[in-house]
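Just so you know, ligand 1 is whichever comes first in the structure, and atom 1 is the first atom listed for that ligand. Just so you know, these numbers use all the heavy atoms, side chains as well, and skip hydrogens, waters and symmetry mates.
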Amino acid sequence: MARFTLPRDLYYGDHAIDELKNLKGYKKAIIVTGGSSMKRGGFLQQTEDALHAAGLETMLFEGVEPDPSIETVFKGAKAMQEFGPDVIVAIGGGSPIDAAKAMWVFYEHPEKTFDDIKDPFTMPRLREKAIFVAIPSTSGTASEVTAFSVITDYSTNIKYPLADFEITPDIAILDTSIPQTMPKQLTAHTGMDALTHAIEAYVATARSSFSDPLALKAISDIFDDLIDSYNGDMEARGRMHIAQCLAGMAFSNALLGIAHSLAHKTGAVFDIPHGCCNAILLPSVIQYNSRACMERYAQIARAIGLPGSTDKQLTDSLVNAVREMNKKLGIAQTYRENGVTEELLNANIDKICENAVKDPCTSSNPRPIDVENMKKVLLCAF
Ligand code: NDP
Ligand code: MN
């Protein structure tokens, strides 16, 4: 028995935000967003205007920080309890969308604690009080279509990927004009996050006939468009917005692997953006996993026209192509080059690797791993 879940509705294209005007039959919407990027781009105003046109009263909850904290989640849940929305609209990067998903859980279930929902697939039923609309502004996390929400506990510096199909948004709106305002580095980091999602999903243990074509199409589109998008080609950037969503549909169901386990644990401790961690880790992870699923990596390499005839040659070509992509995106290939000192590494490597082994993404990795091997993979990327 297996399950494949996607949002109920997906709207996409230029000015897809306007679809909010058709949200009839609801009364109150809370809009959850990050710092100021959505305001500066005019997208927040468009969201409010469209909701007002649909006859909804709105309230704004802003200021969700990158890599959102448990405290922010509970603050937002409290605001929701006071306002009583029947629609939650999250607009912004993965951080505000993820935070809003967790707020939604505690809005519907004020009796729950963070510990109650930490383990995968332990969420209570939602949608008694509100439906959830997600409007992504970055092209990476695909939180608009996934069953995940990544929340950081800053008292321990651990990132928790909360996971349950219950938190898959009801409506995803992919407005291709929104990612146009992303600065170059954000485009690079979030794009490599999307590539890592697609590659990890293609080899993950929960992969299926439903997730495979989505993952492969995402990989090939990202190889076609990410560098052009980074270099300012706005049509390529629009296509990247769709490609990252295909990757999200794949990994939300096929799950991920140890690039994400390590990205979750190193990101918080080393203070490096999530997508950048994935970009650094992906080549070493492919090398480690290739003993278990070389033919799958070879299929990817063949699908995007990389050179090689044996599975080994094709897998090596894929590793090289990822490194080449990082170079063209201006991403330094190691933690060291990203400013992590030997001292910081040594002080944290045991904890990082012990926690990475326990991360839910490890259980869907194609090759089993223990703490010692996790350290080796991390050191290869150092
Ligand atoms: P964030 O949401 O953290 O945003 C990073 C920065 O980008 C913020 O400063 C934000 O500014 C800015 N920004 C966002 N959109 C734009 C835009 N269109 N133009 C200009 N600036 C913009 O970035 P990500 O999307 O990469 O999300 C990362 C988070 O998502 C991490 O916590 C990661 O762990 C998590 N994640 C979640 C997954 C899931 O399935 N749910 C999967 C993978 C990662 P401002 O705050 O001002 O809006
Ligand atoms: Mn990710």
Side-chain angles (χ1 to χ4, degrees), residues 17 31-44 62-69 72-73 90-102 134-154 158-165 167-169 172 175-201 229 234 237-238 240-241 244-245 247-253 255-257 259-268 271-279 281-282 359-361:
I17 270 192
I31 303 167
V32 179
T33 193
S36 58
S37 74
M38 293 302 95
K39 198 175 271 175
R40 275 185 279 123
F43 308 117
L44 194 57
E62 56 187 338
V64 174
E65 69 280 23
D67 302 321
S69 65
T72 299
V73 167
I91 177 166
S95 294
I97 298 177
D98 280 4
K101 285 174 167 175
I135 311 174
S137 68
T138 58
S139 303
T141 73
S143 184
E144 71 279 7
V145 293
T146 74
F148 300 102
S149 157
V150 186
I151 304 299
T152 304
D153 180 347
Y154 284 95
I158 296 180
K159 269 188 162 188
Y160 289 99
L162 309 176
D164 199 302
F165 288 116
I167 57 170
T168 305
D175 188 326
T176 45
S177 60
I178 305 180
Q180 293 192 4
T181 61
M182 284 194 295
K184 279 187 94 160
Q185 200 183 43
L186 184 63
T187 307
H189 290 164
T190 53
M192 286 308 289
D193 187 23
L195 181 64
T196 309
H197 293 154
I199 293 181
E200 292 212 285
S229 165
M234 290 304 162
R237 195 167 293 187
M240 267 303 297
H241 210 41
Q244 63 86 30
C245 184
M249 291 175 169
F251 90 80
S252 185
N253 293 283
L255 308 177
L256 293 166
H260 269 78
S261 309
L262 276 170
H264 291 145
K265 308 314 168 192
T266 53
D271 196 20
I272 295 180
H274 174 73
C276 185
C277 291
N278 279 323
L281 289 159
L282 187 56
D359 189 280
C361 293

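Restricting H260 to its N/O/S atoms, the shortest distance to the Mn ion (ligand 2) is reached by NE2. The atom of H197 nearest to the Mn ion (ligand 2) is NE2, with the search restricted to N, O or S atoms. Within D193, the N, O or S atom lying nearest to the Mn ion (ligand 2) carries the name OD1. The nearest N/O/S atom of H274 to the Mn ion (ligand 2) is NE2.
The environment of K184 atom NZ is dense: over 12 non-hydrogen atoms of other residues, nucleotides or ligands sit within 6.0 angstrom. Annotation for Q185: atom CD does not count as buried by contact number, only 12 or fewer foreign heavy atoms lying within 6.0 Å.
Under a 3.5 Å cut-off, the side chain of S69 and the backbone N or O of T72 do form a donor-acceptor pair. Checking side-chain atoms of K265 against main-chain N and O of I158 turns up no donor-acceptor pair under 3.5 Å. Between the side chain of R237 and the backbone N or O of M182, at least one donor-acceptor pair lies under 3.5 Å.
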Report each N/O pair between ligand 1 and the protein that falls under 3.5 Å, naming both atoms.
unit_1   : atom_1 : unit_2 : atom_2 : d
ligand 1 : 2 (O)  : G94    : N      : 3.1
ligand 1 : 2 (O)  : S95    : N      : 2.9
ligand 1 : 2 (O)  : S95    : OG     : 3.3
ligand 1 : 3 (O)  : S95    : OG     : 2.6
ligand 1 : 15 (N) : S137   : OG     : 2.7
ligand 1 : 18 (N) : S137   : O      : 3.1
ligand 1 : 18 (N) : I178   : O      : 3.3
ligand 1 : 18 (N) : T181   : OG1    : 3.1
ligand 1 : 19 (N) : T181   : O      : 3.2
ligand 1 : 19 (N) : T181   : OG1    : 2.8
ligand 1 : 25 (O) : G94    : N      : 2.7
ligand 1 : 25 (O) : T138   : OG1    : 2.6
ligand 1 : 27 (O) : G94    : N      : 3.3
ligand 1 : 32 (O) : D67    : OD1    : 2.7
ligand 1 : 34 (O) : K159   : NZ     : 2.9
ligand 1 : 40 (O) : T146   : OG1    : 2.9
ligand 1 : 41 (N) : D98    : OD1    : 2.7
ligand 1 : 41 (N) : D98    : OD2    : 3.3
ligand 1 : 41 (N) : S143   : OG     : 3.4
ligand 1 : 41 (N) : F148   : O      : 3.1
ligand 1 : 46 (O) : G35    : N      : 2.7
ligand 1 : 47 (O) : G35    : N      : 3.4
ligand 1 : 47 (O) : S36    : N      : 2.7
ligand 1 : 47 (O) : S37    : N      : 2.9
ligand 1 : 48 (O) : S37    : OG     : 2.6

- request: Verify side chain to side chain contact (heavy atoms under 4.5 Å, CB included) between Y154 and D67, making sure each step is shown before the conclusion.
  value: CA-CA 10 Å; Y154 284 95; D67 302 321; 3.4 Å; yes
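Remark: A263 pairs with H274, C277, N278, L281 by the side chain to side chain contact (heavy atoms under 4.5 Å, CB included) rule, at least two apart or across chains.
A 4.5 Å side-chain heavy-atom check between L282 and I199 finds at least one atom pair inside the cut-off.
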